Amino acid sequence: MWTLGWRALYRQVVRSSFATVPFYRERWALSGRTDPVVVAGRVGEHGGAVPAAAVLERVSDLVPLAGGSAAVDPLRGLDFVLYQCARVTPETTVVGVAPAHHPRVIDFESTPDELRGHVLAVGTPKQLARFNRDVPQVPLVAPSERGDQGLLVDDLLGVLGGVRDCGNWHLDWPRVYARETSLGVAFTLLRQRSPRLVDIVPAGGADGRVELCPRHRSPVIAV
């Protein structure tokens with residue numbers, strides 16, 4: 001079953017992070033964690049989940065000992081998730097944020113007066129309200145503010161998933177792992193080497209349960 005591979009990759013990231021990333025080496029050596037246990041007899045606070053605020057103070061310590069980038073991309077994963085959760089074609093004009101990271105995105109401030117063809121606006125609810133154009137919109141919402149549409153985004157972790165045609169909040173599961181902890185749902189970036197983000201609970205928290213979508217048979221965040 002594919003979920004076994006998803007979980008195995010997560011456990012591999014945890015063990016690699018404990019072995020090579022200063023922040024986790026220190027934190028888990030002192031207090032431990034669960035699932036997987038990295039120090040026998042120590043289960044850690046909240047099973048090892050880390051509040052985003054604790055990570056933001058030490059982003060440089062999330063770089064593996066072998067080196068890497070400490071830069072955080074608040075829209076990491078946008079391209080993958082947007083294609084899953086909205087009608088996007090090669091001809092679609094995406095209006096939104098961060099064009100430097102996503103060359104296909106036209107910044108809100110640079111949008112021409114006249115837009116032709118299929119246009120999609122992507123941004124926070126406040127940004128979309130100011131944009132005020134009659135085009136399809138995809139709101140970017142924090143895990144603590146999710147409703148029934150949009151993409152799930154965190155300033156530290158990037159885009160984590162979004163609502164698909166079934167109405168469920170789907171995780172970007174090939175790149176994101178999620179597990180339930182006493183602190184809330186914690187997220188791990190499975191394929192980002194640096195900075196390493198493991199078992200992070202977003203600012204504002206993330207309530208819900210990790211379940212399988214009955215239609216797509218892939219993981220979702222359910223209320």
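Computed from a prediction, not measured in an experiment: that's the story for all the values here. For the numbers below, each heavy atom of this structure counts, side chains included, while hydrogens, waters and symmetry mates do not.
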State plainly whether one hydrophobic cluster holds both [X] and [Y], where clusters connect Ile, Leu, Val, Met, Phe, Trp and Tyr through side-chain heavy atoms under 4.5 angstrom apart.
{"X": "V37", "Y": "L9", "result": "no"}
{"X": "Y177", "Y": "L152", "result": "yes"}
{"X": "V201", "Y": "L156", "result": "no"}
{"X": "L183", "Y": "I200", "result": "no"}
{"X": "L140", "Y": "V135", "result": "yes"}

- prompt: How about Y24 and F18: are their ring centroids closer than 6.0 Å?
  reply: no
Shortest non-hydrogen separation from [X] to [Y] and the atoms involved:
{"X": "P125", "Y": "V141", "answer": "CG-CG1, 4.4 Å"}
{"X": "A203", "Y": "A52", "answer": "N-CB, 3.6 Å"}
{"X": "G162", "Y": "V81", "answer": "N-CG1, 3.9 Å"}
{"X": "P51", "Y": "R27", "answer": "CD-NH2, 3.9 Å"}
{"X": "L160", "Y": "P143", "answer": "CD1-CG, 4.4 Å"}
{"X": "V153", "Y": "P74", "answer": "CG2-O, 3.4 Å"}

Test item: [X] and [Y] side chains (from C-beta on) under 4.5 Å apart, heavy atoms:
{"X": "R209", "Y": "V223", "answer": "no"}
{"X": "P219", "Y": "E211", "answer": "no"}
{"X": "L75", "Y": "V159", "answer": "yes"}
{"X": "V21", "Y": "V63", "answer": "no"}
{"X": "E114", "Y": "P112", "answer": "no"}
{"X": "Q12", "Y": "Y10", "answer": "no"}
{"X": "V163", "Y": "D148", "answer": "no"}
{"X": "V122", "Y": "L82", "answer": "yes"}

Spacing of [X] atom [atom1] and [Y] atom [atom2] [to the nearest 0.5 Å]:
{"X": "D172", "Y": "L190", "atom1": "CG", "atom2": "CG", "answer": "9.0 Å"}
{"X": "D134", "Y": "L115", "atom1": "CG", "atom2": "CG", "answer": "11.0 Å"}
{"X": "L62", "Y": "S194", "atom1": "CG", "atom2": "OG", "answer": "8.0 Å"}
{"X": "Y83", "Y": "L78", "atom1": "OH", "atom2": "CG", "answer": "10.0 Å"}
{"X": "T20", "Y": "R196", "atom1": "OG1", "atom2": "CZ", "answer": "4.5 Å"}
{"X": "W169", "Y": "L151", "atom1": "CH2", "atom2": "CG", "answer": "7.0 Å"}

- request: With side-chain hydrogen bond (donor to acceptor under 3.5 Å, both in side chains) as the test, would you mind laying out the steps for H118 and T92 before giving the verdict?
  value: CA-CA 5 Å; H118 182 234; T92 299; 2.8 Å; yes
Verify, without hydrogens or angle tests, whether [X] (side chain) and [Y] (backbone) share a donor-acceptor contact under 3.5 angstrom.
{"X": "Q127", "Y": "R130", "value": "no"}
{"X": "S31", "Y": "W28", "value": "no"}
{"X": "R179", "Y": "V185", "value": "no"}
{"X": "R164", "Y": "C85", "value": "no"}
{"X": "Q192", "Y": "L197", "value": "no"}
{"X": "N168", "Y": "H170", "value": "no"}
{"X": "W6", "Y": "P174", "value": "no"}

task: Could you please spell out the steps behind the side-chain contact (heavy atoms from CB on, under 4.5 Å) verdict for V176 and R191?
output: CA-CA 8 Å; V176 176; R191 303 190 182 278; over 6 Å; no
message: With side-chain contact (heavy atoms from CB on, under 4.5 Å) as the criterion, how do L120 and V88 come out once you've worked through the C-alpha distance, each side chain's angles and the decisive distance to 0.1 Å?
response: CA-CA 8 Å; L120 196 64; V88 182; 3.8 Å; yes
- request: Before giving the answer on side-chain contact (heavy atoms from CB on, under 4.5 Å), spell out for T188 and L157 the whole-Å C-alpha distance, their side-chain angles and the decisive distance to 0.1 Å.
  value: CA-CA 8 Å; T188 296; L157 294 156; over 6 Å; no
message: Is there a side-chain contact (heavy atoms from CB on, under 4.5 Å) between E45 and V50? Walk through the geometry before answering.
response: CA-CA 9 Å; E45 187 177 10; V50 185; over 6 Å; no
message: Apply salt bridge (Lys or Arg N to Asp or Glu O under 4.0 Å) to residues D35 and R7 and explain how you reach the verdict.
response: CA-CA 10 Å; D35 194 26; R7 178 172 165 76; 2.5 Å; yes
query: Using 4.0 Å as the upper bound for N to carboxylate O, is an ion pair formed by R58 and D61?
result: yes
cation_pi(R175, F80) dist<6.0 Å, angle<=45: yes
R33: salt bridge (Lys or Arg N to Asp or Glu O under 4.0 Å) partners, not counting sequence neighbours: D199
